[in-house]
Amino acid sequence: MISLLSKWNGKNQTVGIASGRRCNSISVPNRRIHCRVVLIGWLGCSPRALSKYDHCWKNFPLKDSFSSSSPSPSSSSTSSLPLPFEKIETLSVIPPMHWLLFPNKAKRKANKFVEEELKNFLKDHKEEDKLLFHSFSANGPHFHGHLLPFMKESNGFHVPLNGTIWDSGPPFEMNHVIFARGFVGAFLFRFNILKKSIKVLFNKPSSQVDKSLKKKELKEVQKPIYEHWLLTPIMEFFFKIILTLPPIKRNLTTVRKELMNQLKAPQLILYSQSDDLLTPESIEKSIHELEKNQFPTHTTKFQNSPHVSHMMIYPNEYKYAISNWIEKEIIGSSSPHINK
């Protein structure tokens, strides 16, 4: 049995595979609800890789969002629950690799994204609709933090963020070693300097990966791709200097404060025991910090999936974690007030 360790309001539970389970019915407002999701890609992410998550969202089963209390059909505990939305829409963005090194450029790009893309994406957004961010690794939260100052009412932004999904993140404690390994991994992936098994993992449809991945292949996938005999020591030396520069240090501190001071919307953390870049210990420190700052936090910990690969290894469990969180934390909750 594949088990997922979940945590809800300080209580641990195991999510396993069961059959014949009937989901709890929920009361849904008598109106059509749209869900809009902003996908923020990881460092070195390709449009093709991020499109798999776009496909995942658009293929969630939907149930009649204007029926008052229709029970879900019987399903296993790792099947995604039908979501009470009439429609799910997505907007994808992949922040460039160099943004970390140029804070002012990152701020300008974030402002441009909000003004030209996000506001247009939300032009038909109603008060009862839901806005979610689905952010990956460290690059996603970094860009997310840059967006927040421009997502305030004082800047003409009138849509609250209802919740955030962190995939393989967020890492609030970063050092030069993690930055170096992340950049090396992104560089190797971008220029296809990877073992074949890693490329197969990202390029196969998730259903094929789930059926064909064997133990031997899984071991191969889990080997670190962040180590290079020449690039890694060079990048570690480079970031050891860069992270001491006042503009860079100030920018990282500001981004972290923005993330901690945003509205206390529900958070879903998806991470793995086998992540070789952002270890489970580092993610769990971030979870404790979110809880300390009174964010409603739900976590799902996978066992054998590499960094930003949980959906590829555990597609059913991944979708169940998201749909279960939406049912419990997003649907029926009142929209938070936006930041002034």
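All residue numbers in this chain count up from 1 along the given sequence.
Although no hydrogens or angles enter the test, the distance criterion places no donor-acceptor pair under 3.5 Å between the side chain of E117 and the main chain of V114. Of the possible donor and acceptor atoms, one in the side chain of S282 sits under 3.5 Å from a partner among the backbone N and O of T279. The main-chain N or O of A265 is found under 3.5 Å from a side-chain atom of Q267 such that the two form a donor-acceptor pair. Here the side chain of S286 pairs a donor or acceptor atom with the backbone of P170 at under 3.5 angstrom. A donor-acceptor pair under 3.5 Å links the side-chain atoms of N261 to the main chain of K257, judged by distance alone. Although no hydrogens or angles enter the test, the distance criterion places a donor-acceptor pair under 3.5 Å between the side chain of N59 and the main chain of H55. The closest donor-acceptor contact from the side chain of S274 to the backbone of Q303 lies under 3.5 Å. The closest donor-acceptor contact from the side chain of D275 to the backbone of P280 lies at 3.5 Å or more, if one exists at all. S309 places no side-chain N or O within donor-acceptor distance of the main-chain N or O of S305, the cut-off being under 3.5 Å. Side chain of S51 to main chain of D54: no donor-acceptor pair is present (N/O by atom type, distance under 3.5 Å, no hydrogens or angles).
Between G140 and S135, the shortest heavy-atom contact is C-OG, 2.8 Å. Nearest heavy-atom pair across H125 and L131 is CE1-N, 4.0 Å. Looking at every heavy atom in both residues, F295 comes nearest to K264 through CE1-NZ, 3.6 Å. Nearest heavy atom pair, residue G169 against residue I269, reads O-CG2, 3.2 Å. G156 and H158 make their closest contact through O-CD2, 3.4 Å (heavy atoms, listed as atom of the first residue, atom of the second, distance). Summarising the geometry of E258 relative to G145, their closest heavy-atom pair is CB-O, 3.8 Å, with the distance given to 0.1 Å.
Residues in residues 155-176 take part in these salt bridge (Lys or Arg N to Asp or Glu O under 4.0 Å) pairs, two or more places apart or across chains: E173-K285.
Counted within 6.0 Å of CD on Q294, heavy atoms from surrounding residues, nucleotides or ligands total 12 or fewer; the atom is thus considered open. Taking a 6.0 Å sphere around NZ of K58, one finds it holds more than 12 heavy atoms contributed by other residues, nucleotides or ligands.
F136 and H134 have parallel rings, their planes meeting at less than 30° on a 0 to 90° scale where 60° marks the start of perpendicular. Under the 30°/60° scheme for interplanar angles, the aromatic rings of F143 and W99 are found to be tilted.
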>> Show, in sequence, the C-alpha distance, side-chain angles and deciding distance for K126 and H34, and conclude whether the side chain to side chain contact (heavy atoms under 4.5 Å, CB included) test is met.
In response: CA-CA 8 Å; K126 304 292 191 298; H34 286 201; over 6 Å; no
>> Assess the residue pair I322 and I165 against the criterion (side chain to side chain contact (heavy atoms under 4.5 Å, CB included)); give the C-alpha distance rounded to whole Å, side-chain angles, the decisive distance to 0.1 Å, and a yes or no.
In response: CA-CA 8 Å; I322 292 175; I165 299 169; 4.0 Å; yes
>> For a side chain to side chain contact (heavy atoms under 4.5 Å, CB included) check, start with the C-alpha distance between F60 and I326, then their side-chain angles and the critical distance, and finish with the verdict.
In response: CA-CA 12 Å; F60 266 109; I326 288 176; 5.9 Å; no
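Here the options are R32, R36, K87, the test is side-chain hydrogen bond (donor to acceptor under 3.5 Å, both in side chains), and the partner is D129; only R36 passes. Here the rule is ring pair (Phe, Tyr, Trp, His ring centres under 6.0 Å) with F179, and of F237, F238, Y226, F239 only F239 fits it.
At a threshold of 4.5 Å between non-hydrogen side-chain atoms, the residues I241 and H176 do not count as touching. Between T299 and W166 the shortest side-chain heavy-atom distance does not fall below 4.5 Å.
At a cut-off of 3.5 Å, with distance as the only test, a side-chain donor of H310 or S168 sits close to an acceptor on the other residue.
Ring to ring, H144 and F133 are close: their centroids are under 6.0 angstrom apart.
To the nearest 0.5 Å, the span separating CG on L268 from NZ on K328 amounts to 11.5 Å.
For the pair K119 and F157, the cation-pi test (distance below 6.0 Å, angle within 45°) is failed.
For the pair E284 and K301, the salt-bridge criterion is met [side-chain N within less than 4.0 Å of a carboxylate O].
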